[in-house]
Amino acid sequence: MSSTRYLRKPEWLKVKLPTSKCFSQTRKLLADLNLNTVCQGARCPNIFECFSKKTATFLILGKFCTRNCAFCNIEHNKPEPVDLEEPVRVVEAVKRLQLEYVVITSVTRDDLPDGGASQFKKVIELLKQNLNVRVEVLIPDFKGSYEALKIVLDAKPNVLNHNVETVPSLYRKIRPQADFEQSLLLLKRTKNYNSQIKTKSGLMLGLGETKTEVIEVLEKLVEVRCDLVTLGQYLQPSRNHYPVKRYVHPDEFLEFKQIGEQMGLKVFSGPFVRSSYHAADWV
């Protein structure tokens, strides 16, 4: 996807380059252990800050996605075989980085019978057996499979995150292989299955949604008893991705935070907010 109109980034979206040697140390450690991160794969603007603080969001099940969403920089390609030793290497990385809070996500693996749920389960269990850590998982929709979802939930992650990503009216353009109601159902099923697990979801703003639509999504998340919500600015990864329609001012992010919290949600909202950004600080 391309566009002839490109918006100039405002001052509040300028990113400082790393000055800490910890940035390169973190990157080397991950490379040495042959581990992928969504920080790198999705070209997250916070990578310099997070790597410099010796933290990362681990991307399991390979680096190729079976879906091709218009907003995402993760490469769409034929998926790789499941690496059965990957969970062990994740544990080693967490140990070396001395993390106390770990975020695990994955590419979408529609080619696998359980969507990769078993690999999530193995990573969670190994982390909890070997290290004193809290674990958050950011999972795909597993094509609506309740059985796959229960595999992950039975490993008892501390937080189950699944992003609705955008408002329903934009799904056909932004997330054509997903379904808004199916994503809501995943969050609802999680709470019904184990109410002790915190649920979390997130939206990107600046894709062409209206204020009313964002508020309606927040209301829907309240209905399924979602605990935590992230709101961040969409940034176009390349000229082939869906274009930014608008840069949302920080004051608007603050307003959405206030609206969501009045509904009873815990909201982390701002231009640079991403699903796992500062995740340990607000759970």
Side-chain angles (χ1 to χ4, degrees), residues 1 3 5-7 9-10 12-13 15 38-47 50 57 59 65 67-74 76 103 105 107-108 136 138-141 161-184 186-187 199-221 226 228-257 259-260 265-279 282:
M1 182 176 296
S3 172
R5 179 174 176 263
Y6 298 96
L7 302 179
K9 283 186 181 180
W12 64 79
L13 282 174
V15 179
V38 73
C39 322
Q40 296 160 305
R43 295 183 63 185
C44 179
N46 302 317
I47 186 172
C50 295
T57 297
L59 182 74
C65 191
R67 298 189 187 179
N68 195 21
C69 298
F71 66 88
C72 185
N73 195 59
I74 300 293
H76 171 69
V103 183
T105 189
V107 291
T108 300
E136 175 178 322
L138 171 57
I139 64 171
D141 60 23
N161 187 354
H162 175 70
N163 290 329
V164 294
E165 304 290 11
T166 188
V167 299
S169 67
L170 292 175
Y171 261 57
R172 183 173 294 183
K173 294 179 180 179
I174 305 301
R175 206 180 175 217
Q177 294 161 286
D179 180 88
F180 179 76
E181 293 298 330
Q182 181 172 269
S183 288
L184 284 180
L186 183 154
L187 294 166
T199 50
K200 180 177 175 182
S201 193
L203 294 91
M204 302 170 290
L205 303 186
L207 290 161
E209 69 289 330
T210 67
K211 178 179 179 180
T212 298
E213 287 180 310
V214 175
I215 293 173
E216 288 174 349
V217 170
L218 293 176
E219 290 171 341
K220 290 287 187 181
L221 291 172
C226 186
L228 314 164
V229 177
T230 57
L231 301 173
Q233 172 70 52
Y234 167 66
L235 297 175
Q236 185 178 2
S238 78
R239 288 176 178 260
N240 295 320
H241 290 82
Y242 195 82
V244 176
K245 298 298 184 181
R246 180 170 84 93
Y247 288 115
V248 180
H249 193 275
D251 290 346
E252 293 181 68
F253 278 105
L254 178 59
E255 182 182 4
F256 282 125
K257 173 181 174 66
I259 291 171
L265 294 165
K266 189 169 186 178
V267 182
F268 195 30
S269 179
F272 285 112
V273 170
R274 296 296 183 269
S275 295
S276 55
Y277 184 55
H278 287 196
W282 61 293

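We count residues from 1, following the sequence as given. Values below: every heavy atom of this structure, side chains too, minus hydrogens, waters and symmetry copies.
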Indicate yes or no: at least one non-hydrogen side-chain atom of [X] is less than 4.5 angstrom from one of [Y].
X: Tyr247; Y: Leu235; result: yes
X: Leu231; Y: Lys257; result: no
X: Leu203; Y: Val164; result: yes
X: Tyr171; Y: Asp179; result: no
X: Met204; Y: Leu170; result: no
X: Ile215; Y: Phe256; result: yes

Open item on the list: Evaluate Val248 against Phe253 for side chain to side chain contact (heavy atoms under 4.5 Å, CB included), listing each step before the verdict.
Closed with: CA-CA 7 Å; Val248 180; Phe253 278 105; 3.5 Å; yes
- [ ] Using the test salt bridge (Lys or Arg N to Asp or Glu O under 4.0 Å), find all partners of Lys9 that sit at least two apart in sequence or belong to another chain.
- [x] none
Task: Residue among Glu216, Glu255, Glu252 satisfying side-chain hydrogen bond (donor to acceptor under 3.5 Å, both in side chains) with Lys211 - done: Glu255
- [ ] Hey, could you give me the CZ/OG1 distance between Arg175 and Thr166, rounded to the nearest 0.5 Å?
- [x] 9.5 Å
Open item on the list: To the nearest 0.5 Å, what is the distance between NE2 on His241 and CD1 on Ile174?
Closed with: 11.0 Å
Which heavy atom of [X] sits nearest a heavy atom of [Y], and at what distance?
X: Asp141; Y: Arg67; result: OD1-NH2, 2.8 Å
X: Ser183; Y: His162; result: OG-NE2, 2.8 Å
X: Leu265; Y: Cys226; result: CD2-O, 3.2 Å
X: Arg246; Y: Gln233; result: O-NE2, 3.1 Å
X: Glu136; Y: Ser275; result: OE2-O, 3.9 Å
X: Gln236; Y: Pro243; result: OE1-CA, 3.4 Å

Open item on the list: Whether the Thr57 and Arg274 side chains hold a donor-acceptor pair (N or O, under 3.5 Å, no angle test) is what I'd like checked.
Closed with: no
Can you tell me if [X] uses its side chain to pair, donor with acceptor, with the backbone of [Y] under 3.5 Å?
X: Tyr234; Y: Tyr242; value: yes
X: Lys173; Y: Leu207; value: no
X: Thr105; Y: Leu138; value: yes
X: Gln177; Y: Asn68; value: yes

Open item on the list: Which residue is it: Leu187, Leu186, Leu228? I am looking for the one with a side chain to side chain contact (heavy atoms under 4.5 Å, CB included) to Thr199.
Closed with: Leu187
